[in-house]
Every structure is written in structure tokens, then in C-alpha cells.
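Since the structure comes first, as C-alpha cells, the remarks are kept for the end.
Both backbone and side-chain heavy atoms feed into the values below; hydrogens, waters and symmetry mates do not.
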Amino acid sequence: MADYVPLGGGSEEGEAPSEEKSKGSRSPRLASLDAFRGLSIALMIFVDYAGSIFPFIAHSPWNGVRLADFVMPFFLFIAGVSLALVYKKISDKLQATHKAMLRAVKLFMLGILLQGGYFHGINSLTYGVDIEKIRWLGILQRIAIGYIIAALCEIWLSSVTVKDAGSGFFKNYYLHWVIVFLLSGIYLGLLYGLYVPDWHFTVPQMSSNSSQNSSYVIKTVRCEVRGDLGPACNSAGMIDRYVLGIDHLYKKPVYRNLKECRTAEDGQVLNTSPSWCQAPFDPEGILGSLMAAVTCIMGLHFGHILLHFEEHKDRLAHWLIYSLSTFALGLFLAFIGIPLNKSLNTISYTLLTTASAGLTFCALYLLVDVYGYSCPTFVFQWMGRHSLSIFVLLACNLAIIALQGFYWRNPKNNIVHLVVSLVIHK
């Protein structure tokens, strides 16, 4: 086995540096956490590009989980583990809070730039967005929300030092679990308790002799229900419509892939489909972000175990018990009727995917940090150290968009189009 090295509060990618870290020194990083972050970004790129070819790995249209549905919880879990390492020693809580909030704001604003509609996709060389239609929430924004809530919990609600070890240390973080149950209670109360009335939205109509939208049709969605978990009448969508505005939500929700939402060859929803099939819906909405914070805090507890137990077997034992019990609880809730739903971020989905993240981390920790097999995962470790840059350039298609900006006489005569043509005709 690899020798044990006491973990420092080394700066994780996208996280704040330790308050006690001396200038010019760098504490050892947790290789398995870097590998897990790199694996997650690789998984995100894979499902984004291969999901159209292999639909069974793409996001589930509504209930159920597929491979792509594990990516976001993995990132949230990793953010929680990282926070425990970053803030294990805090000399100035106000300064730490300021840095955490500043980092969260930067991440949130970057998310708006990348996913708010400013860039028009890989098939367009134009950019710019109407402020009245900008999308406010997205992947980085959800991570930022989970990050800041978990960071504030760690900075202000922890009452334990690194020297406090043993199974009794759990009670020193009881306020974290109070927050977990509070957030879960608020989520359940709003999801099942809010009354959802009928609602309306507009759909642009194209003129037959023009490519411009010449008129709008008002669509009505009949609801008048409470506690509905379907795509049309759930309270999560209603909250986003009231708070953010329907024009600021994601325009192509994944539920358009449901059988009842029939689409044409160009991907447009047919008028014969239910009206809600054409409505916007944000899978990274406000209500689901509460459960995203829960995933971060649960990852934070993994980090506490890492810091408070020095023996590999003690860490792995606690992680496995924690993960397996959480996984079993998630399956039980799904069995009794709480669906596994990524778009709503249901409690069963949160528990099952967080447990899956814990089990994956256990496997990587055993492989990399216990047995010292770094070579098989060195690519993932490198990707994990540069995960934000890779996300911006590849997962958000900025590298592809930039390459397509250089063409010969015709915009289609670019490197990306040439490579795609060679692959297709090979």
C-alpha cells in the first residue's frame, strides 16, 4: 500500500486556498480526488457528444436515471469534499466568507456567460443575447449555489478541530445535518405543497415566406393541481416561471424526448403534441438547487472523514457504510413512489447519485491513494487539475466555435467540418 501522507489544505481546482498555507509552498493534493474530477469532466464530454448516437446514455427524458444523470451530482459531491480540505483550518471566518462568496459569484457569472445564450452554438458564427431572454441558471450556477451554501456551513457551523477523531466526531457537525434536513424539508414542502394553476406561454411562428418569426401563438397548460411531479404541472417549474420569468428558462428541456412529445426531423415539436412539450423548463432551477446544496454538504462529510481518520481502512469503512446506507435509502424512496428524477432533483435521485459518487470515490481512493496505481489514472488526474478550463473549452464548445471561425472562402470550409466529413465518410 502507498504510505500515508497527512493531507494539507491544498488549493483544489476552483476552490479557495487554505488560510494557513504559507506563501510559495504547496500542500500535497489528494490524487484520487483529482482523478475523480477528471473522470467526471471526461464523462460529461462523452455523454454530450455521444448521447445523440447512443440515446441510452443521454439524460433521461423525465423519470429514471441514465449515465449522463450522474455527472452533475459527481461535481457537486467533489466540491463538497474539496471544501473540507480547503477550510480545515480557518484563522479569519469573515475573510474566508468573503473569498468563498467572491469565488461563487465569479463561477455564477461565468456560467451565465457560457450558458446564458451569448454563444449561438457550433453551427453559428454569431454571438450576443437579448437581456430579456438570457438564461440565468445553468451548470456552473448550480455548482456555485451548492458551493456557497456548503462553504458557509463549513466556515460558520463547524465546531471541531482536526485533532478530534473517532466515531464521535459526527456530532460536532450536527448543525450541517440540521441544514440538510431543513433544506430537504423546504424542498418537499414546496414540491408537494404548492398549488399550480393553469399557465400560459407563447410560441413563435415562422412565416411561410420568411425565416423570421412573424407572429406568436399563446399556448395554455391545464394544471390546477398540487403535488404533481410530471413535466407540465410541477411546482419547481412554477417557481422558476414566477421568480426568473418564463423567457429566462432553458428553451430545449429534455422532456421533449418523451414519446408523447412528437418531433419532426428538424427537432421541432409538432403541434399535435401536448402544449407543454413546447414550453421552456430549467433542469437547473431554483427548487432543485436546494438539493444540490444537500449533495455538496454530504460530500463535505466525506471530506471530514478523510481528515479525521488517518488509517485507510477506517476511512474506507466509514465511506462504504455511509454510501451503501444512503444508496439503500434512495432505492427505498424510489420503491415507495418518489421517482428518480434529475430535472426535479428529487430526494431519491439526490441520495442515489450522491451514494454513487461516494462509491466511485472509494474505488478511486483505493486504486490511487492506497495501492498507488497512479499511471492508469494520470490522464484523469491531469484533467482534474484543469477541469474548469476543459469545461469551458470542450464541454461548452468554445474550442470548436473558435476553430470554426477560421475558414476558406465559405464558413463550411473549416477544420471542424472537414474532420466531421472525413469521419462520416470513412
Side-chain angles (χ1 to χ4, degrees), residues 40 43 47 51 54-78 80 142 146 177 179-194 196 225-239 253-261 281-299 301-302 319-363:
S40 300
L43 185 62
V47 297
F54 308 105
F56 60 88
I57 68 172
H59 288 292
S60 175
W62 197 246
N63 291 334
V65 288
R66 297 176 182 174
L67 185 60
D69 299 315
F70 289 90
V71 174
M72 174 64 81
F74 280 11
F75 280 119
L76 293 167
F77 176 88
I78 291 167
R142 171 159 286 187
W177 295 100
I179 298 298
V180 166
F181 286 107
L182 179 62
L183 292 174
S184 300
I186 294 173
Y187 171 85
L188 288 173
L190 295 176
L191 183 67
Y192 288 98
L194 286 182
V196 181
V225 295
R226 195 187 307 271
D228 186 89
L229 300 186
C233 300
N234 61 81
S235 59
M238 183 187 71
I239 291 172
V254 70
Y255 60 62
R256 291 189 177 185
N257 294 324
L258 290 169
K259 291 182 179 179
E260 50 262 54
C261 295
F281 178 86
D282 211 312
E284 279 80 42
I286 296 172
L287 190 58
S289 295
L290 298 180
M291 299 309 298
V294 168
T295 298
C296 272
I297 297 173
M298 294 178 77
H301 184 61
F302 255 69
W319 284 339
L320 286 173
I321 293 172
Y322 182 32
S323 298
L324 292 174
S325 58
T326 303
F327 192 90
L329 180 57
L331 284 180
F332 173 75
L333 293 178
F335 178 76
I336 64 174
I338 300 178
L340 299 168
N341 189 297
K342 189 264 182 189
S343 296
L344 297 178
N345 221 316
T346 54
I347 285 187
S348 58
Y349 167 82
T350 298
L351 293 174
L352 187 139
T353 54
T354 302
S356 299
L359 292 172
T360 304
F361 179 58
C362 285

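Counting heavy atoms from C-beta on, the side chains of Leu229 and Leu191 come closer than 4.5 Å. Here the side chains of Tyr192 and Ile338 are in contact, with some heavy-atom distance below 4.5 Å. Side-chain atoms of Ile239 and Leu194, non-hydrogen and from C-beta on, do get closer than 4.5 Å to each other. Side chains of Phe281 and Val254 form no contact here, defined as non-hydrogen atoms less than 4.5 Å apart. Taking the side chain as every heavy atom from C-beta outward, Met72 and Thr353 never approach each other to under 4.5 Å. Phe361 places none of its side-chain heavy atoms less than 4.5 Å from the side chain of Ser323. Side chains of Leu340 and Leu352 form a contact here, defined as non-hydrogen atoms less than 4.5 Å apart. Looking at heavy atoms from C-beta onward, Lys342 lies out of side-chain contact with Ser60 at the 4.5 angstrom threshold.
Atom CD1 of Ile297 is separated from atom OG of Ser184 by 9.0 Å, given to the nearest 0.5 angstrom. To the nearest 0.5 Å, the span separating CG on Leu359 from CG on Leu324 amounts to 5.5 Å. The structure places CG of Asn234 at 12.0 Å from CG of Leu190, a figure rounded to the nearest 0.5 Å. Rounding to the nearest 0.5 Å places OG of Ser356 at 4.5 Å from CZ of Phe70. Taking CG of Leu290 as the start and CG of Leu188 as the end, the distance is 10.5 Å to the nearest 0.5 Å. To the nearest 0.5 Å, atom OG1 of residue Thr346 and atom CE of residue Met291 are 8.0 Å apart.
Between the side chain of Tyr322 and the backbone N or O of Gly358, no donor-acceptor pair lies under 3.5 Å. Judged by distance alone, with hydrogens and angles left aside, the side-chain atoms of Ser348 form no donor-acceptor pair with the main-chain N or O of Leu333 at under 3.5 Å.
Residues Pro61 and Arg66 come closest through the heavy atom pair CD-NH2, 3.6 Å. Nearest heavy-atom pair across Pro231 and Leu258 is CG-CD1, 4.2 Å. Pro339 approaches Asn63 most closely through the heavy-atom pair CB-OD1, 3.5 Å. Across Arg142 and Leu76, no two heavy atoms sit closer than the pair O-CD2, 4.1 Å. In this structure, Phe74 and Thr360 approach most closely via the heavy-atom pair CZ-OG1, 3.9 Å. Contact record, Leu287 with Ser235: CD2-OG, 4.2 Å, taken as the closest heavy-atom pair.
Below 30°, between 30° and 60°, or above 60°: for Phe302 and Phe77 the angle between ring planes is above 60°, a perpendicular geometry.
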Practice item. Take Asn257 and His59 through the test side chain to side chain contact (heavy atoms under 4.5 Å, CB included) and record every step on the way to the result. Key: CA-CA 10 Å; Asn257 294 324; His59 288 292; over 6 Å; no
